[in-house]
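The sequence lines fix the lettering, A, B, ..., with proteins before strands; numbering per chain opens at 1. Just so it is clear, the values below take in all heavy atoms, side chains as well, and ignore hydrogens, waters and symmetry mates.
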Protein chains: 2
Amino acid sequence: MPSQPPATPRKRPQQERSQVTVQAILTAAAHILTEAGYDHFTTNKVAERAGVSIGSLYQYFPNKASLLLALAEHHADQMMQLAKDHLETTGDRSIPEVIRQIVAAAVAAHAVNPKLHLVLHEQVPHSEVMRQFDQAKMENLLRSFLVQQCDQLQPKNLDLTVFMVERTIRALIHGAMTEHPEFLQTGELDQELTALLSAYLLKK
Amino acid sequence: MPSQPPATPRKRPQQERSQVTVQAILTAAAHILTEAGYDHFTTNKVAERAGVSIGSLYQYFPNKASLLLALAEHHADQMMQLAKDHLETTGDRSIPEVIRQIVAAAVAAHAVNPKLHLVLHEQVPHSEVMRQFDQAKMENLLRSFLVQQCDQLQPKNLDLTVFMVERTIRALIHGAMTEHPEFLQTGELDQELTALLSAYLLKK
DNA sequence: CTAAAATGTGAATAATTACTCATATTTTAT
DNA sequence: ATAAAATATGAGTAATTATTCACATTTTAG
């Protein structure tokens with residue numbers, strides 16, 4: 001009795017088999033970075049942990065840097081998605097409330113995968129390249145918020161202000177993650193960061 | 001005709017000859033870091049540039065890390081000295097003036113050797129280790145200033161505030177150095193940083 | 001002057017690691 | 001069933017580079 005040909009065509013291995021491999025590699029890469037740090041991040045170890053041969057790794061990632069890039073891009077996407085979600089529901093319009101919201105969004109975004117984030121942004125050589133994903137988008141997001149709120153800001157002033165705010169948020173979240181996790185736990189960081197930036201922007 | 005024995009004893013080679021060598025190595029190391037970046041910072045290249053054999057380098061620096069450490073320590077000393085000079089003459093007592101002074105001191109300290117500073121703090125692997133010199137001293141300096149000025153600060157509050165201020169200053173100066181040198185040139189950074197922190201501290 | 005101490009030399013070593021390629025296995029389409 | 005296409009394998013290559021060490025030169029002290 002010949003079996004029916006399956007309704008869904010047998011899944012294309014070009015698609016699925018390799019996608020599983022790619023995913024295993026990415027997962028293994030993230031695991032090694034977060035658990036062992038960049039010092040131990042070698043392509044051979046990643047392949048081993050992924051349960052895949054080193055040759056397969058190089059079939060999908062032409063070099064080590066491209067693997068890191070893929071990881072950083074995916075992570076940045078996750079962060080941006082979460083940040084946007086936090087910023088959608090914007091009923092309030094007072095500057096301190098908007099700032100509080102932005103800070104909360106940034107803190108939440110950094111909680112997606114804090115260990116991976118720190119390694120990608122502070123351990124990986126040439127981490128500027130990794131930052132390209134986060135930073136530009138964050139600055140644009142901030143810029144539009146600020147324009148909406150403080151229409152008395154001049155364009156030149158705007159660049160400077162966006163720089164001040166973006167850098168301050170990022171630096172203090174990173175600093176808290178590495179040196180004072182308790183400030184993050186208790187919410188003290190959110191509060192102080194909001195206070196810092198509100199006081200600054202209200203004076204404009 | 002036998003010459004007089006020199007009044008000053010012939011300078012001890014253990015002292016001078018080797019000191020010249022050590023200095024040449026340190027200078028070459030700084031040069032390679034600032035001009036070529038950490039990627040090209042190999043011990044053999046340092047020795048070559050210093051006009052010294054690789055063996056001599058290892059006579060005075062047991063390993064590559066110790067060379068970086070020596071460089072970082074010397075650079076931190078220079079920065080701290082300059083910062084202290086800026087903070088000596090403290091006639092003013094208003095918070096904004098004190099803040100302005102602290103900001104100016106930090107900016108001046110970072111101008112000692114900006115390129116080297118950035119490489120040591122952002123390119124070198126495990127740059128946390130390099131920061132140990134600057135950071136603790138900076139925080140202590142800040143702490144005493146803040147205690148003097150805002151005596152209503154609680155001890156727990158103090159740790160948090162010192163963290164906020166120190167990190168913010170450092171991050172914005174670094175950010176300006178790498179991405180917006182024009183803000184440093186024009187003094188806009190000093191002004192905004194002072195405004196940011198004054199507004200924050202005055203609300204305490 | 002001379003021996004010991006200090007300093008200098010640089011070819012060689014040893015370890016690491018990103019990446020290749022010849023070959024094997026699996027899947028697909030007919 | 002079968003050939004072509006896709007995917008997987010992993011031992012091997014090649015380049016880099018921190019560090020050593022056996023030996024040379026210079027300096028000092030007596």
Side-chain angles (χ1 to χ4, degrees), chain A residues 2-29 32-33 36-71 123-126 129, chain B residues 2-26 28-29 32-33 36-71 123-126:
Chain A
S3 63
Q4 289 269 117
T8 52
R10 204 198 287 264
K11 288 167 193 159
R12 312 294 164 83
Q14 306 113 302
Q15 318 270 303
E16 182 175 304
R17 200 167 38 134
S18 56
Q19 272 178 20
V20 168
T21 299
V22 168
Q23 190 49 57
I25 292 168
L26 288 171
T27 303
I32 290 178
L33 281 178
Y38 184 78
D39 286 351
H40 298 281
F41 183 75
T42 71
T43 51
N44 282 282
K45 275 192 193 164
V46 170
E48 184 186 26
R49 163 118 203 147
V52 148
S53 75
I54 181 65
S56 288
L57 188 154
Y58 278 94
Q59 188 134 41
Y60 301 105
F61 302 96
N63 51 54
K64 191 179 179 178
S66 71
L67 177 52
L68 283 167
L69 257 235
L71 225 44
Q123 288 207 257
V124 166
H126 305 286
V129 181
Chain B
S3 63
Q4 289 268 119
T8 53
R10 204 198 288 260
K11 287 166 193 162
R12 313 295 166 83
Q14 307 112 300
Q15 317 269 301
E16 182 175 304
R17 196 162 48 129
S18 55
Q19 272 179 19
V20 169
T21 298
V22 167
Q23 190 50 54
I25 291 169
L26 288 171
I32 288 178
L33 281 179
Y38 184 78
D39 287 351
H40 298 281
F41 183 76
T42 70
T43 50
N44 282 280
K45 273 191 193 165
V46 170
E48 184 186 24
R49 163 117 204 148
V52 148
S53 75
I54 182 63
S56 287
L57 188 154
Y58 278 93
Q59 187 132 40
Y60 300 108
F61 301 95
N63 51 51
K64 192 180 178 177
S66 71
L67 176 52
L68 282 167
L69 257 235
L71 224 44
Q123 289 208 261
V124 166
H126 305 285

Verdict with reasoning, A:L33 to A:Q123, per side-chain contact (heavy atoms from CB on, under 4.5 Å): CA-CA 9 Å; A:L33 281 178; A:Q123 288 207 257; over 6 Å; no
Nearest to the side chain of A:R17 - D:dA18, D:dA6, C:dT9? D:dA6
Between C:dT16 atom C1' and A:K45 atom NZ, what is the distance in whole Å? 11 Å
What is the distance, to the nearest angstrom, from the CG atom on B:D39 to the P atom on D:dT16? 13 Å
Given that A:G55 and A:T43 both sit by DNA chain C, which one's nearest nucleotide is further toward the 5' end? A:T43
For residues A:H40 and A:I32, report the shortest heavy-atom separation together with the two atoms involved. O-CG2, 3.6 Å
Whole-Å distance, A:I25 CD1 to D:dT7 C1', equals 12 Å
For A:S56, report the nucleic acid contact type (base, sugar-phosphate, nothing); a contact means any heavy atom under 4.0 Å. base
Quick one: is A:S53 getting a side-chain N or O under 4.0 Å of the D:dT9 phosphate, OP1 or OP2? yes
Output a table of donor-acceptor pairs, distance under 3.5 Å, between side-chain atoms of residues 61-71 of chain A and any protein atom two or more places apart or on a different chain; print 'none' if there are none.
residue, atom, partner, partner atom, Å
A:N63, OD1, A:A65, N, 3.3
A:N63, OD1, A:S66, N, 2.9
A:K64, NZ, A:F41, O, 2.9
A:S66, OG, A:N63, N, 3.4
A:S66, OG, A:N63, O, 2.7

Tell me whether the OP1 or OP2 atom of D:dT7 has a side-chain N or O from A:S18 closer than 4.0 Å. yes
What parts of residues 57-67 of chain A reach DNA chain D, counting only heavy atoms under 4.0 Å away? A:Q59, A:Y60
Could you pick out which residue, B:G51 or A:T42, lies toward the 5' side of DNA chain C when each is mapped onto its nearest nucleotide? B:G51
Side chains of A:Y38 and B:P125: closer than 4.5 Å at any heavy-atom pair? no
Roughly, in whole Å, what's the span from CG in A:L68 to P in C:dA18? 10 Å
If you take all heavy atoms of A:T21 and A:S56, which pair is closest and at what distance? CG2-CB, 4.4 Å
Among D:dT19, C:dC19, C:dT9, the one nearest B:N44 by side-chain distance: D:dT19
Looking only at heavy atoms, which two atoms of A:L57 and A:A47 are closest? And how far apart? CD1-N, 4.0 Å
Taking every non-hydrogen atom, the tightest pair across B:A24 and B:A50: O-CB, 3.5 Å
May I have the distance from A:I54 (atom CD1) to D:dA14 (atom P), rounded to whole angstrom? 18 Å
Below 4.0 angstrom from OP1 or OP2 of D:dT7, is there any side-chain N or O of A:T21? no
When the distance from CD of B:Q19 to C1' of C:dG8 is rounded to whole Å, what number comes out? 16 Å
